[in-house]
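Indexing begins at 1, ligand by ligand and atom by atom, following the structure's order. Every value quoted in this text rests on a predicted model; they were computed, and no experiment measured them. Along the sequence shown, the residues carry numbers beginning at 1.
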Amino acid sequence: MLAVYPGSFDPITNGHMDIIRRAAALFDQLIVAVLENPTKKPLFTVEERKWMIKESIKDIPNVQVDSFHGLTVEYARQKGAGVLVRGLRAISDFEFEFQLAAMNHKLHPEVEAVFMMTNTKYSFLSSSAIKEAASFGGCIRDLVPPIVEEQLKKKFSELGRANK
Ligand code: ADP
């Protein structure tokens, strides 16, 4: 069975990595699909985000990286995926995910949504918290893959220089 794990991944965190490893163990193939969402103002371009994911999943053989725009469930159907994987961190994620899954089910009932509970170590972890911490020079070493730590440092030093 092919599964798609969609998201913004701006940037990928160890919370995402944990879901990827667990989903890769459950499904034959997993596509990590980066959403090109023009309404969110991302820190990293889609190409940068894909590159950081690729570098971080090198040791997991059945995972690929792709990007898409438009409806997630439509993308999953086009790829022939039977499952959409999403992670749940807290009750606050539930309401949004519940609505999304209901809409997706209405559009394409053949694509099943599978929710994976966060590892409690990462229940507080989000890409936006990481960006905020990194922008103020906080230590994020155990929370993101090494390439992300490196690229965040680079990005914020470039932005710092641009604002001077
Ligand atoms: P989106 O904009 O689609 O929410 P994100 O990149 O923020 O994109 O998240 C992608 C998916 O990963 C979502 O299902 C989200 O709930 C899940 N996720 C994000 N952070 C974590 C975490 N720390 N633990 C488990 N799941 C997570």
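F44 places none of its side-chain heavy atoms less than 4.5 Å from the side chain of I12. Between I31 and L2, some side-chain heavy-atom pair lies under the 4.5 Å cut-off.
Contacts classified as side-chain hydrogen bond (donor to acceptor under 3.5 Å, both in side chains) and involving residues 94-107 (residues at least two apart or in different chains) are given here: R86-E97. Listed by first and then second residue, the side-chain hydrogen bond (donor to acceptor under 3.5 Å, both in side chains) pairs that reach into residues 17-31 are D18-R22, R21-D59, Q29-Q64, sequence neighbours excluded.
The shortest non-hydrogen separation linking L30 to I20 is CD2-O, 3.7 Å.
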May I have the list of side-chain donor-acceptor pairs in residues 116-123 shorter than 3.5 Å, sequence neighbours left out?
residue: N119; atom: OD1; partner: K121; partner atom: N; Å: 3.0
residue: S123; atom: OG; partner: T120; partner atom: O; Å: 3.1

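Annotation: ligand 1 has protein neighbours Y5, P6, G7, S8, F9, G15, H16, I19, K40, R86, G87, R89, D93, E97, T118, Y122, L125, each with a heavy atom less than 4.0 angstrom from the ligand.
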